[in-house]
Every structure is written in structure tokens, then in C-alpha cells.
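A note on names: the letters A, B, ... follow the listed sequences, proteins ahead of strands, and every chain is numbered from 1.
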Amino acid sequence: DQQVKQNSPSLSVQEGRISILNCDYTNSMFDYFLWYKKYPAEGPTFLISISSIKDKNEDGRFTVFLNKSAKHLSLHIVPSQPGDSAVYFCAASAYMGATNKLIFGTGTLLAVQP
Amino acid sequence: NAGVTQTPKFRVLKTGQSMTLLCAQDMNHEYMYWYRQDPGMGLRLIHYSVGEGTTAKGEVPDGYNVSRLKKQNFLLGLESAAPSQTSVYFCASSKRTGLNQPQHFGDGTRLSIL
């Protein structure tokens with residue numbers, strides 16, 4: 001049972017345009033959400049996060065939007081650059097007794113074409 | 001500035017063999033985690049530790065054991081490797097748990113069980 005879903009395995013965007021990566025979740029108890037970026041042969045690196053009490057968080061070219069009623073979040077990258085080409089994982093946090101557990105989506109491969 | 005270092009990067013085992021994956025972090029983080037990543041799936045939590053001398057089970061703990069004898073090290077053991085354990089293993093650490101304490105990942109260990 002996939003609690004965090006990224007339904008688009010891949011996305012191709014032209015350099016300079018907007019990239020929109022989507023994520024859906026099923027558990028209303030998640031209290032914050034994160035996006036990680038992963039290059040081949042490297043570990044995921046943290047990109048941006050958002051608390052469940054907010055609907056938007058912005059950091060430079062990256063903005064995450066949260067729609068709690070729809071249980072949906074999205075990551076916007078504007079403008080997209082070739083260096084943004086990577087796999088993007090959405091993750092949701094759930095408290096599990098001693099620590100917050102991260103539940104990851106399956107990832108979306110973003111290709112930014114020069 | 002090493003961050004999280006995983007050893008080895010690649011390994012091939014035969015079914016039934018045992019091995020230990022080592023994770024070391026130099027950020028003085030309290031929390032450490034082991035994940036596995038399989039094709040078409042997100043990262044799944046195997047075991048985690050909230051401090052030196054403590055360990056706890058995650059989502060997929062069966063067939064694995066862990067130890068956290070020193071704060072900076074988190075070991076993942078496979079006592080009797082099975083082909084189903086072929087995967088990429090990621091170690092992560094965080095200072096604490098929470099929105100502003102993202103997990104930092106190592107570059108992974110690619111493990112093949114024949």
C-alpha cells in the first residue's frame with residue numbers, strides 16, 4: 001500500500017521553462033513533507049520541505065505547494081536548468097514513537113533539455 | 001567535509017554468505033537510518049537508531065541486524081544473504097527529528113546476491 005505516490009515516472013522540460021513535479025499521499029496524519037534530489041551513483045540530497053500547516057514554501061528557484069484537502073503537493077522549478085536533471089523523491093513524515101519516519105515516493109526522473 | 005560515508009560501494013555475495021555494511025558520519029548526528037531502494041519503489045526504512053547503543057525496526061527489518069556501538073557508526077548486517085536482498089542500500093543521519101532536521105544520505109552500497 002503506497003502511502004506516497006509519484007505517478008509520473010519521468011518528465012522532460014526545456015531549459016528555462018517551468019518543471020512541475022507532483023506527489024499524492026493518503027495519510028492525513030503526515031505532519032511535514034520533503035523533496036529530495038538524487039543524481040546517479042549518489043545519495044539523495046535534501047532540497048526543500050514544507051510543514052502541514054503551510055501551503056507554500058519557496059527557496060530560490062524551488063517552490064513547494066501543499067494542498068491538504070486534495071492530499072497533494074507539487075514542486076515547481078523555475079527556470080529549469082540542465083543541472084536540475086535528476087530523480088526527485090517526495091517524502092512524507094510520520095511520527096513513529098521515537099523518531100519521525102520518512103515515507104518516500106517512487107521518484108520522478110526529470111530531464112531538462114538544453 | 002565527508003558527511004555520511006558508506007563502505008563498501010559495491011559488493012557481490014553468494015546466497016547464504018554474510019556481510020556487514022558500514023556507515024560513518026562525522027556530523028555528530030544523534031539519529032541514523034538504513035534504507036534500501038529497489039526498482040520502482042521508494043526508499044524503505046530497514047532499521048534506525050536514535051542514539052548510541054539503541055536500535056529499532058523500520059518497515060522492512062527481516063533478514064537484517066544492526067548495531068550502533070559508537071555514535072558515529074551504524075552497521076547493517078546480513079547474516080545469511082538471499083537474492084531478495086539484492087538492492088541499493090543507503091545510510092542516512094540527522095541531528096534530530098523534525099521539519100528543519102533533514103536526513104543526510106551517503107552515496108549508497110550496491111549489493112548483488114547471486
Are [Y] and [X] connected into the same hydrophobic cluster when the rule is that any two of I, L, V, M, F, W, Y join if their side-chain heavy atoms are below 4.5 Å apart?
X	Y	result
Val50(B)	Leu45(B)	yes
Leu34(A)	Leu43(B)	yes
Phe46(A)	Val87(A)	yes

ask   = Ser85(A) side chain to Val112(A) main-chain N or O, any donor-acceptor pair under 3.5 Å?
value = yes
task = Answer yes or no: is there a donor N or O on one side and an acceptor on the other, between the side chain of Gln37(B) and the main chain of Thr106(A), under 3.5 Å?
result = no
query = Do any of residues 103-114 of chain B come closer than 4.5 Å to chain A, heavy atom to heavy atom, and if so which ones, in number order?
reply = Gln103(B), Phe105(B), Gly106(B), Asp107(B)
task = Would you please go through residues 80-90 of chain B and name the residues with a non-hydrogen atom below 4.5 Å from one of chain A, in numerical order?
result = Phe90(B)
query = Yes or no on side-chain hydrogen bond (donor to acceptor under 3.5 Å, both in side chains) for Asn65(B) and Ser67(B), after CA distance, side-chain angles and deciding distance?
reply = CA-CA 7 Å; Asn65(B) 56 74; Ser67(B) 64; over 6 Å; no
key: Contacting region of Tyr39(A) [heavy-atom separation from chain B under 4.5 Å]   = neither
message = For a side chain to side chain contact (heavy atoms under 4.5 Å, CB included) check, start with the C-alpha distance between Leu11(A) and Tyr88(A), then their side-chain angles and the critical distance, and finish with the verdict.
response = CA-CA 10 Å; Leu11(A) 175 68; Tyr88(A) 289 79; over 6 Å; no
query = Is there a side-chain contact between Leu102(A) and Tyr35(B) (heavy atoms, below 4.5 Å)?
reply = yes
request  = Mind ranking Ser94(B), Gly40(B), Ala56(B), Gly42(B) by heavy-atom pairs under 4.5 Å with chain A and telling me who comes out on top?
outcome  = Gly42(B)
key: Verdict with reasoning, Trp34(B) to Cys91(B), per side chain to side chain contact (heavy atoms under 4.5 Å, CB included)   = CA-CA 5 Å; Trp34(B) 275 107; Cys91(B) 176; 3.8 Å; yes
query = Mind checking whether Phe33(A) and Tyr25(A) have parallel, tilted or perpendicular rings, split at 30° and 60°?
reply = tilted
